[in-house]
Amino acid sequence: LGAATFSLRQGEILGIAGLLGAGRTRLLRGLFGLDPVKSGVVRLGAHIGPCAPADWWSLGMGMLSEDRTGEGLATELSIADKTTLTRLEGLGSGFFVSPSRQRAAARRWIDRLEIKAPGPAQRVGSLSGGNQQKVAVARLLYHDVDVLVLDEPTRGIDVGSKAQLYNLIDEQVSAGKSVLLVSSYFPELLALCD
């Protein structure tokens, strides 16, 4: 991957386009600490330098992987576990998580994102592709990150789910969040990005 320099500002959607194999996903993986950055600097707010993904979560950046089933979702987990996994504080006392609080937190996102599932205990792997993607997005929204790194967020989902994700992205940006969006669907980039 060659050098890439860009700035993402608050309340902005920045799009990255390119052919498959051009390094788009590798760029995002490097930014998020999943792949090493061989040279250059990653900066988020006052933080400069590499971080592990857990550190990026705590600094306010979350990533939605393009590989939904292999990397983006732990399909054996329940919706409640997957949604709250990156932010357990407030769901119990000390090191213990209250199952009822966890289910209630997930239920809010199931309702808000209209995830078609009987409840928070439903296994993620049993959901349709669009609903799996909504669970992955629910995790970002529940964690309340300031920077959403989205790698092909609408690949393989139905038109209705795409429209809903577009509205969610717009809502996040209107609330002052920033979005780094990779898509191989050029009209999507033209419609969403600043």
Side-chain angles (χ1 to χ4, degrees), residues 4 6-16 24-37 40-99 101-110 112-113 115 120 124-125 132-154 165 168-169 171-182:
F6 60 88
S7 296
L8 175 62
R9 291 171 179 76
Q10 183 177 2
E12 180 178 64
I13 302 173
L14 177 67
I16 299 175
R24 303 168 309 161
T25 294
R26 200 164 25 154
L27 171 66
L28 297 189
R29 289 178 59 82
L31 287 173
F32 199 63
L34 294 168
D35 287 343
V37 175
V41 176
V42 178
R43 178 178 161 202
L44 178 62
H47 177 81
I48 298 174
C51 278
D55 296 325
W56 284 125
W57 279 108
S58 66
L59 290 168
M61 179 168 60
M63 182 176 168
L64 182 70
S65 173
E66 84 170 315
D67 182 6
R68 179 173 56 231
T69 55
E71 185 175 86
L73 287 172
T75 57
E76 295 303 315
L77 292 179
S78 68
I79 296 171
D81 287 337
K82 178 60 183 173
T83 302
T84 61
L85 192 62
T86 56
R87 193 183 111 206
L88 295 172
E89 62 271 359
L91 296 179
S93 59
F95 294 108
F96 297 100
V97 173
S98 163
R101 285 186 190 176
Q102 186 183 34
R103 286 190 302 271
R107 171 54 71 192
R108 285 191 293 278
W109 292 107
I110 289 170
R112 178 153 183 236
L113 300 181
I115 298 170
V124 174
Q132 288 179 3
Q133 192 72 333
K134 288 178 184 180
V135 171
V137 170
R139 178 182 63 147
L140 290 177
L141 300 178
Y142 170 75
H143 199 288
D144 197 27
V145 294
D146 296 318
V147 178
L148 292 88
V149 178
L150 307 176
D151 193 358
E152 298 283 0
T154 61
L165 284 176
L168 282 167
I169 290 170
E171 284 176 23
Q172 296 305 301
V173 171
S174 295
K177 309 287 184 174
S178 302
V179 177
L180 182 59
L181 174 66
V182 163

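- Atom CZ of F96 sits in a sparse spot, with 12 or fewer heavy atoms from other residues, nucleotides or ligands closer than 6.0 Å.
- Considering all non-hydrogen atoms of both residues, C51 and L59 come closest at SG-CD1, 3.8 Å.
- Interatomic distance, CD of Q133 versus CG of L64, reported as 4.5 Å (0.5 Å rounding).
- Looking at every heavy atom in both residues, M63 comes nearest to R139 through O-NH2, 3.3 Å.
- Side-chain atoms of R103 never come within 3.5 Å of backbone atoms of A105 as a donor-acceptor pair (strictly under, hydrogens ignored).
- Residues I169 and I13 have side chains in contact (heavy-atom distance under 4.5 Å, counting atoms from C-beta outward).
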Open item on the list: Does Q10 form a side chain to side chain donor-acceptor pair (under 3.5 Å) with S178? I'd like the steps, not just the answer.
Closed with: CA-CA 5 Å; Q10 183 177 2; S178 302; over 6 Å; no
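- Looking at T83, its side chain never comes within 3.5 Å of a backbone N or O of A80 through a donor-acceptor pair.
- How far CZ of R108 is from CG of L113: 12.5 Å, rounded to the nearest 0.5 Å.
- Taking the side chain as every heavy atom from C-beta outward, V137 and P153 never approach each other to under 4.5 Å.
- Between the side chain of E12 and the main chain of R9, a donor-acceptor pair closer than 3.5 Å is present.
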Which pairs would a plain distance check flag for residues 141-148, meaning a side-chain donor or acceptor within less than 3.5 Å of a matching protein atom at least two apart in sequence or in another chain?
from : atom 1 : to   : atom 2 : distance (Å)
Y142 : OH     : R87  : O      : 3.1
H143 : NE2    : T86  : O      : 3.0
D144 : OD1    : K177 : NZ     : 2.6

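- Among all heavy-atom pairs drawn from L34 and P53, the shortest one is CD2-CG, 3.5 Å.
- Donor-acceptor pairing under 3.5 Å is recorded for the side chains of T25 and D151.
- The line from CG of L27 to CG of L180 is 7.0 Å long, rounded to the nearest 0.5 Å.
- Here the straight-line distance linking atom CG of L28 with atom CD1 of I16 works out to 5.5 Å at 0.5 Å rounding.
- Taking CG from L140 and CG from L150, the interatomic distance works out to 6.5 Å, rounded to the nearest 0.5 Å.
- Atom CD of E152 is separated from atom CG of L181 by 8.0 Å, given to the nearest 0.5 angstrom.
- In this structure, W56 contributes its side chain and L31 its backbone to a donor-acceptor pair below 3.5 Å.
- Residues meeting the side-chain hydrogen bond (donor to acceptor under 3.5 Å, both in side chains) test with E171, sequence neighbours left out: R112.
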